[in-house]
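Report on the structure given below.
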Amino acid sequence: MTAVSNTVFDTLWYTRCPVPTASGLAHSLGWLGETASEAGVGLGVLQDAGPELAPRHFDHKLLGLIREGGNVPALAARADGSPTRLIGLTWIDEAQAILVAPDSPVSEPGALAGLRIAVPAWAEDRARSFPRAMALHGFASALALGRLTLADVRPVEVAVERNPQVRGEAATGRRVATWGVDALLAGDVDAIYVKGARAQEVAREHGLRVAVDLDATGSKRSRVNNGTPRPITVHADLLESRPDLVVGFLTQTLRAADWAAGNLEEVRGVLARETFSGAEGVEAAYGNTFHRGLHPTLSDERIELLDVQKQFLYTHGFLATDFDLASWVAREPLQQASAQLAAERKVPS
């Protein structure tokens, strides 16, 4: 990999979503900071930075930024022309489900026909409209299990924060993880889509019933959504000017994934803080084996599943334009990180 830019970086910037990620663990363990320090740069985290940098989590227009998070903002940013490259993909199932009221008779996909479904309104831009994208794809997947489509239900828009801020979520210690709960409890809608740790807690708090458990399906295509698969993207200028930083970041991420495989309780502790939920919510959302599968890859299967998501987003207006997914992929950094870690394992301690 040859550096072709004269850009000088003094900070490696990192941002992530509050979900299970090996890079998040590497940061919590102090390993990303070590990599940055050894490379002669600082480590900046958008969640701890000022509000002027918060939008970069969604549009990726920050030199020196590596992002691991939901694919809706990542794909939307790329479609809008942000200079990013895809350097890794993870797959962690996040307890996706369609919930109904406690007294609802709906208990299988075919019974969703004719229901009023909660669909979050559009946010300030496409990238920030990930709640709408998640709900639409979640409902589309659930309906498909019953041989139905979105044309068989009645969408009802529910309010969302138009300009979500990653810093605000971390600073206040709370995070909106469900949309439409109030509307469901008030009887204004018949079903909502939820995912993740906090969503599981909300469902228990209000006695909501699971009508469709998307995690129970054997097909990964039925579980494709904002977090499945989850991309790691890098600003192209960083990759061109300091490939060593990118490889170092991925090496520590892979090392953290190895560590996580043998430290379930410690990983859960980190996640409870990251997701602003309790231990029960984390366990209900992610189960007992997720910690063994945090390693990023660029396997053909994961790229194909990301393409399924890309086409869904483009069809439903979440991408400004379509683009070639294969040309977005940069395989060399992850290959080098894997080789570097493998070489380290062979060296006697």
Side-chain angles (χ1 to χ4, degrees), residues 1 3 5-71 73-74 76-78 80 82-88 90 125 127-128 130 163-175 230-257 270-271 273-276 294 296 330 333-334 337:
M1 188 181 301
S5 171
N6 294 321
T7 305
V8 176
F9 295 96
D10 59 9
T11 303
L12 172 64
W13 286 99
Y14 168 60
T15 183
R16 81 284 190 193
C17 293
V19 291
T21 63
S23 63
L25 292 173
H27 171 59
S28 295
L29 293 165
W31 297 349
L32 295 186
E34 290 177 8
T35 291
S37 178
E38 291 171 0
V41 300
L43 176 67
V45 180
L46 288 193
Q47 282 73 9
D48 302 327
E52 69 278 2
L53 290 182
R56 305 294 84 83
H57 177 82
F58 298 102
D59 63 27
H60 212 128
K61 294 178 180 178
L62 175 64
L63 298 177
L65 179 64
I66 299 179
R67 177 188 188 276
E68 181 166 9
N71 60 48
R78 174 63 184 82
D80 279 336
S82 291
T84 63
R85 299 298 302 274
L86 176 66
I87 57 174
T90 60
D125 53 35
R128 290 173 177 82
F130 62 92
N163 184 21
Q165 299 291 321
V166 292
R167 181 177 182 270
E169 293 169 356
T172 60
R174 60 181 175 82
R175 175 174 183 259
R230 181 172 289 109
I232 305 175
T233 51
V234 59
H235 195 286
D237 283 357
L238 175 61
L239 181 58
E240 293 171 352
S241 295
R242 292 298 304 268
D244 59 309
L245 279 174
V246 178
V247 172
F249 175 96
L250 289 171
T251 301
Q252 296 290 31
T253 295
L254 292 170
R255 183 177 286 112
V270 173
L271 277 182
R273 296 190 297 271
E274 290 265 308
T275 61
F276 311 120
L294 295 177
L334 189 57

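Here the structure is a predicted model, which is why all the values come from computation and not from measurement. These numbers come from the heavy atoms of this one structure, side chains and all, not from hydrogens, waters or symmetry mates.
For the atom pair L245 CG and L43 CG, the distance stands at 10.0 Å (nearest 0.5 Å). Rounding to the nearest 0.5 angstrom, the gap separating the OG1 atom in T253 from the CD1 atom in I232 is 5.5 Å. Atom-to-atom distance recorded for L239:CG and T233:OG1 is 11.5 Å, nearest 0.5 angstrom. Note that CG of L65 and CG of L12 are 8.5 Å apart. Values are rounded to the nearest 0.5 Å. Interatomic distance, CG of D48 versus CG of L53, reported as 11.5 Å (0.5 Å rounding). Atom CH2 of W13 sits about 13.0 Å away from atom CG of L238, to the nearest 0.5 Å.
Summarising the geometry of Q47 relative to R16, their closest heavy-atom pair is NE2-O, 2.6 Å, with the distance given to 0.1 Å. Listed here is the closest heavy atom pair of R230 and G69: CG-O, 2.9 Å. Listed here is the closest heavy atom pair of V246 and I66: CA-CD1, 4.4 Å. The minimum heavy-atom distance linking F9 with G64 is given by the pair CE2-N, 3.3 Å. The two residues S82 and D59 come nearest to each other via the heavy atoms OG-O, 2.7 Å. Closest non-hydrogen pair, P296 versus G88, comes out as CB-CA, 4.4 Å.
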Step-by-step side chain to side chain contact (heavy atoms under 4.5 Å, CB included) determination, L46 to L62
CA-CA 10 Å; L46 288 193; L62 175 64; 3.8 Å; yes

If you apply the rule side chain to side chain contact (heavy atoms under 4.5 Å, CB included), what do you find for R255 with L29, and how did you get there?
CA-CA 11 Å; R255 183 177 286 112; L29 293 165; over 6 Å; no

Would you sort out whether L334 and L250 count as a side chain to side chain contact (heavy atoms under 4.5 Å, CB included), showing the intermediate values?
CA-CA 6 Å; L334 189 57; L250 289 171; 4.2 Å; yes

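The aromatic rings of F130 and F58 sit parallel, their planes meeting at an angle under 30°, below the 60° perpendicular limit.
A donor-acceptor pair under 3.5 Å is absent between the side-chain atoms of S37 and the main chain of G33, judged by distance alone. Y14 contributes no side-chain N or O that, together with a main-chain N or O of E68, makes up a donor-acceptor pair within less than 3.5 Å. Under a 3.5 Å cut-off, the side chain of Q252 and the backbone N or O of A26 do not form any donor-acceptor pair. Counting only distance, with no hydrogens or angles, the side chain of N71 and the backbone of A74 share no donor-acceptor pair below 3.5 Å.
Residues passing the side-chain contact (heavy atoms from CB on, under 4.5 Å) test with E38, sequence neighbours excluded: none.
Checked against T84 for a side chain to side chain contact (heavy atoms under 4.5 Å, CB included), the options H235, R78, R67 give a single hit: R78.
Residues H60 and P73 have side chains not in contact (no heavy-atom distance under 4.5 Å, counting atoms from C-beta outward). Put simply, the side chain of P55 does not reach to within 4.5 Å of the side chain of K61, judged on heavy atoms.
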